[in-house]
Every structure is written in structure tokens, then in C-alpha cells.
J.: 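My questions all concern the structure below.
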Amino acid sequence: MQKIAIFPGSFDPFHIGHESIVRRAIPLFDKIIVMIGFNANKKSFFPIEKRIKWINQVFKDVDKVEVRLHDGLTVDFCKEVGALYILRGLRTSADFEYERAIAQINKKMHSEIETVFLLTLPEHTPVNATIIRDIVFHGGDASQFLPKGLDMEEFKMNSKKSNS
Ligand code: ADP
């Protein structure tokens with residue numbers, strides 16, 4: 001049976017911390033699905049189609065990684081795609097407390113699911129999507145926190161600020 005892992009998040013935007021977790025997990029699984037949690041009623045900073053495109057660009061040479069959208073519970077998506085693993089990154093003890101509760105609840109809802117945690121690389125601990133959005137919103141350069149190969153002009157052009 002294929003070992004399929006889901007990496008769920010909002011990825012608004014997908015940054016080097018996320019990329020590192022996925023790349024480090026590649027040897028552990030047959031397939032990793034980056035699941036963008038999507039809520040049609042919630043406004044995101046970057047458009048959903050761009051977020052999908054940028055993640056696909058990062059992993060264009062990696063067959064094992066794919067990107068999907070899901071509006072609903074992560075455990076339901078796991079059932080839909082036959083995944084038994086949820087991949088998460090841990091930055092701090094605050095992350096741990098939050099993630100512990102979600103993982104234990106997910107296990108209650110779908111007993112076969114295992115959540116697999118990878119500790120963030122030390123240099124990625126302070127990187128988070130909220131701060132990146134703030135930098136972009138105020139016209140700063142966030143490129144050092146983003147995966148290589150992204151078209152920075154397209155990135156800036158597609159932020160909520162440039163659209164408002
Ligand atoms: P959320 O799930 O709150 O929307 P994100 O979309 O930012 O959060 O993150 C998705 C996953 O990536 C989570 O498991 C989170 O812990 C992990 N993650 C976020 N930032 C980093 C980072 N800098 N290094 C490693 N993992 C991270």
C-alpha cells in the first residue's frame with residue numbers, strides 16, 4: 001500500500017519553512033499532497049490560483065509531491081485520497097500545544113491516521129506567513145523567506161494590497 005501524507009495549511013504564502021518540511025519528508029513517503037485549506041467565504045492575501053501555481057513551481061521536478069485544494073475537514077480529505085499520515089512542522093512549544101490537540105482530535109475522528117511532526121530547522125523557526133504578508137503589505141522585500149525561483153514581480157503584483 002502506498003504511504004500517502006497530507007501536508008495541510010493555508011500557505012498564504014508557501015514559504016521556505018514549508019518547503020523545507022516537504023523536502024525533508026520526501027524520503028519518508030511515497031506521495032505527499034500539499035493540501036491548501038480553502039474557505040470560499042474567507043479572504044486570503046494571495047489568490048488561491050497563484051498559491052497553487054507557486055507551490056507547483058517549487059516542486060515541478062518532484063513527482064511525489066502534488067497540490068490540492070480542500071474545503072472541509074482534513075480527516076475527510078485523508079479518507080478521500082487514501083492518506084494515513086498528516087505531516088506538520090513544529091517551530092515552538094506554542095506550536096506543539098496547538099498541534100497536539102489537533103492531532104489527538106484527528107486521531108479520535110479517524111483512528112488509522114498518524115500525525116508526523118518534523119522539527120523546523122533552527123534558521124526557519126522565525127519564518128511565518130503572517131510576517132511575510134506584513135512585509136509584502138508594506139512594500140518590503142520578503143524574497144529571502146520564499147522558495148527560490150519564484151517570480152518576485154508576479155508575487156508582489158498578486159498581493160491583496162496591489163489588488164485593493
Ligand atoms: P496554518 O496551518 O496555521 O494555516 P501554515 O499554513 O502557515 O499554518 O502552516 C502549515 C504547516 O506548516 C504547519 O504544520 C506549520 O507548523 C508548518 N510551518 C509553518 N511555518 C513553518 C516554518 N517556519 N518551519 C517549518 N514548518 C512551518
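Order of listing sets the numbers, starting from 1, for every ligand and every atom in it.
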J.: Give me the atom names and distance for the closest heavy-atom approach of F77 to L69.
T.: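 Residues F77 and L69, closest heavy atoms: CE1-O, 4.4 Å.
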J.: What verdict does the ring pair (Phe, Tyr, Trp, His ring centres under 6.0 Å) test give for F46 and F155, after you've listed the backbone C-alpha separation in whole Å, the side-chain angles of each residue and the deciding distance to 0.1 Å?
T.: CA-CA 8 Å; F46 294 100; F155 185 79; 4.6 Å; yes
J.: Counting N and O atoms only, with roles assigned by atom type, does the side chain of R51 sit under 3.5 Å from a partner on the main chain of S10, one being a donor and the other an acceptor?
T.: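 Present.
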J.: Looking only at heavy atoms, what is the nearest atom pair of L118 and R24, with distance?
T.: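 That would be CD1-CB, 4.0 Å.
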J.: Say whether I21 and ligand 1 are in contact under the criterion: heavy-atom distance to a ligand atom below 4.0 Å.
T.: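 I21: in contact with ligand 1 (<4.0 Å).
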J.: Could you list the atoms of ligand 1 found under 4.0 angstrom from a heavy atom of F11?
T.: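 Listed by number with element: 6 (O), 10 (C).
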J.: Can you give me the closest heavy-atom contact between L87 and P8, atom names plus distance?
T.: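 Closest pair (atom of L87, atom of P8, distance): O-CD, 3.5 Å.
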J.: So, for atom 7 (O) of ligand 1, does the protein have a heavy atom nearer than 4.0 Å?
T.: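 Neighbour list for atom 7 (O) of ligand 1 includes protein heavy atoms (cut-off 4.0 Å).
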J.: If the cut-off is 4.0 Å to any non-hydrogen atom of V127, which atoms of ligand 1 fall inside it?
T.: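 It comes down to these atoms of ligand 1: 20 (N), 22 (C), 23 (N).
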J.: List every atom of ligand 1 that sits less than 4.0 Å from any heavy atom of H15, numbering the atoms from 1 in the order shown and giving each element.
T.: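 Answer for ligand 1: 20 (N), 21 (C), 22 (C), 23 (N).
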J.: Only heavy atoms of H124, strictly under 4.0 Å: list the atoms of ligand 1 that pass.
T.: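 Matching atoms, with element in brackets: 22 (C), 23 (N).
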J.: Give the atom numbers and elements of ligand 1 that come within less than 4.0 Å of a heavy atom of G9.
T.: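 Under 4.0 Å from G9, ligand 1 has these atoms: 2 (O), 6 (O), 10 (C).
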J.: Say whether A129, considering both its backbone and side-chain N or O atoms, lies within less than 3.5 Å of an N or O atom on ligand 1.
T.: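 Such a contact does not occur with ligand 1.
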J.: Using every non-hydrogen atom in the two residues, find where I131 and P126 come nearest and quote the distance to one decimal.
T.: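 Minimum heavy-atom separation between I131 and P126: CD1-O, 4.0 Å.
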J.: So is P8 close enough to ligand 1, meaning a heavy atom under 4.0 angstrom away?
T.: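 Contact check P8 vs ligand 1: positive.
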